[in-house]
J.: 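The following block contains the structure, expressed as structure tokens.
Starting from 1, each residue takes its place in the sequence as its number.
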Amino acid sequence: RQMRIALICGLALIVVIAAAYVLLGRGGGHQTAAAGSTRPRPKPTEASPSPSLGPWGHIASRALDPVPLSLAELFPAQFSDAGITYIRTVDKAKTHCAPALIGSQLISAVSQAGCTQALRASYLSSDRTLMGTIGVLNLVTAAAAEQAGKAAGPSEFIAQLPAAHGLTRFLTKGTGIEAAEVKGHYLVLVWAELASTHAPKTAAQRADLSAFISLLMQDTANISLANRMVTGSPAPSA
């Protein structure tokens with residue numbers, strides 16, 4: 001699985017901070033918060049699929065995992081960590097994936113990977129300091145998802161999803177951090193920024209955004225995708 005992180009300026013595509021790259025192994029790996037984060041995140045544990053199914057279990061391909069994704073499955077109304085609650089402000093599902101993406105190379109790569117669904121949701125922290133959009137793309141195979149994920153970068157990322165009201169209506173206006181992670185035949189893309197829309201100026205602010213990305217991945221879409229991987233069921237385990 002590959003995750004890549006870059007600092008980007010909204011739809012203007014102005015790179016404000018040099019890109020950083022973190023390579024992760026398979027089996028539940030995720031972005032770890034950088035030193036100095038005010039929201040430390042312990043690495044979660046995750047059940048392993050049957051060895052006979054390979055490292056991605058039931059989600060190695062759409063043929064093995066044919067049930068379409070749903071917004072309710074992927075994106076809870078809210079989740080909490082370290083005393084902060086993260087509230088979903090808007091979500092949207094599309095069967096045509098290109099409008100949910102920024103960047104011609106990523107759009108082309110996702111199209112070649114047989115994208116049939118692009119589901120997105122935006123979240124705001126209860127202290128009104130962090131906001132972001134997470135998207136999940138349904139691709140044909142894990143190999144196709146790995147290949148498409150390589151196209152994500154400073155000018156190729158998930159299209160931010162603004163809400164009609166509240167602070168997340170300003171998504172697309174600020175500078176943020178982008179990340180990509182492959183989970184079987186799914187490509188997960190995240191955009192995170194300060195709710196002020198200001199560019200992060202300190203190491204602590206950048207670390208907070210990185211930790212927020214990790215939280216978005218692990219406490220929303222990853223729960224259901226991990227369950228699909230292990231059990232073959234789209235519903236989270238009780």
Side-chain angles (χ1 to χ4, degrees), residues 1-4 23-32 41-81 86 88 91-97 100-101 106 109-121 123 133-152 158 179-190 213-238:
R1 177 181 316 162
Q2 183 182 65
M3 180 181 296
R4 288 183 279 181
L23 298 181
L24 300 176
R26 297 190 177 203
H30 67 289
Q31 180 181 350
T32 55
R41 175 67 172 165
K43 184 175 180 179
T45 58
E46 183 177 293
S48 299
S50 169
S52 63
L53 295 173
W56 289 119
H58 295 277
I59 62 170
S61 70
R62 195 158 55 219
L64 294 173
D65 177 38
V67 179
L69 296 167
S70 70
L71 291 170
E73 170 192 353
L74 294 175
F75 306 125
Q78 62 182 47
F79 62 91
S80 298
D81 182 83
Y86 301 86
R88 189 189 70 223
D91 57 18
K92 181 177 289 188
K94 289 182 174 291
T95 54
H96 182 46
C97 301
L101 302 169
L106 181 59
V110 165
S111 176
Q112 292 178 27
C115 188
T116 57
Q117 289 183 283
L119 298 92
R120 291 176 294 161
Y123 285 84
T133 296
I134 180 169
V136 180
L137 308 179
N138 189 338
L139 309 180
V140 65
T141 64
E146 291 275 3
Q147 188 63 33
K150 294 177 182 178
I158 193 71
E181 181 175 10
V182 172
K183 188 84 173 180
H185 68 98
Y186 300 105
L187 178 60
V188 184
L189 301 170
V190 184
I213 282 177
S214 181
L215 283 172
L216 279 178
M217 287 184 169
Q218 294 302 321
D219 289 351
T220 66
N222 183 67
I223 296 173
S224 180
L225 297 185
N227 195 79
R228 283 180 178 245
M229 179 177 74
V230 175
T231 70
S233 170
S237 299

J.: Does any donor atom in the side chain of Arg62 or Thr116 lie under 3.5 Å from an acceptor atom in the other side chain?
T.: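 Arg62 vs Thr116: donor-acceptor pair found between side chains.
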J.: Does Leu69 reach the side chain of Leu225, with side-chain heavy atoms less than 4.5 Å apart?
T.: yes
J.: Nearest 0.5 Å, what's the CG-CG distance between Leu101 and Leu189?
T.: 6.5 Å
J.: Rounded to the nearest 0.5 Å, how far does CG of Asp81 lie from CD of Gln218?
T.: 11.0 Å
J.: Please name the pair of heavy atoms, one in Cys115 and one in Leu137, separated by the smallest distance, quoted to 0.1 Å.
T.: SG-CB, 4.1 Å
J.: Calculate, to the nearest 0.5 Å, the distance between atoms OG1 and CD1 belonging to Thr141 and Ile59 respectively.
T.: 12.0 Å
J.: Can you name the nearest heavy-atom pair linking Ala151 to Ala109, along with the distance?
T.: CB-CB, 3.8 Å
J.: Looking at Trp56 and Ala142, what are the two nearest heavy atoms and their distance?
T.: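 So the minimum-distance heavy-atom pair works out to CD1-CB, 3.7 Å.
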J.: Hey, does His185 have a side-chain heavy atom less than 4.5 Å from the side chain of Asn138?
T.: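 Sidechains of His185 and Asn138: in contact.
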J.: Which word best sums up how the rings of Phe75 and Tyr123 line up, parallel for under 30°, tilted for 30 to 60°, or perpendicular for over 60°?
T.: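 It falls in the perpendicular class, over 60°.
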J.: Mind listing the closest non-hydrogen atom pair of Glu73 and Pro68 along with its distance?
T.: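 That closest heavy-atom pairing would be OE1-O, 4.2 Å.
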J.: Which heavy atom in Ala221 sits nearest to a heavy atom in Ile134, and how many Å separate them?
T.: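 Taking Ala221 first and Ile134 second, the nearest heavy atoms are CB-CD1, 4.4 Å.
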J.: How long is the gap from CG on Asp91 to OG1 on Thr133, to the nearest 0.5 Å?
T.: 11.0 Å
J.: Nearest 0.5 angstrom please: Thr231 OG1 to Asn227 CG, how far?
T.: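 Those atoms lie 3.5 Å apart.
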J.: Within the 4.5 Å heavy-atom criterion, are Arg228 and His58 side-chain neighbours or not?
T.: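 Heavy-atom side-chain distance check fails, nothing below 4.5 Å.
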J.: Could you verify whether a donor N or O on one side chain and an acceptor N or O on the other, from Asp65 and Tyr186, lie under 3.5 Å apart?
T.: yes
J.: Working to the nearest 0.5 angstrom, can you tell me the gap between Leu119 CG and Lys94 NZ?
T.: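 Leu119 atom CG to Lys94 atom NZ measures 11.0 Å (nearest 0.5 Å).
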J.: May I have the step-by-step check of side-chain contact (heavy atoms from CB on, under 4.5 Å) for Val110 and Leu139, ending in yes or no?
T.: CA-CA 7 Å; Val110 165; Leu139 309 180; 4.0 Å; yes
J.: Write down the atom of Val190, the atom of Ile158, and the distance for their closest heavy-atom approach.
T.: C-CG2, 4.0 Å
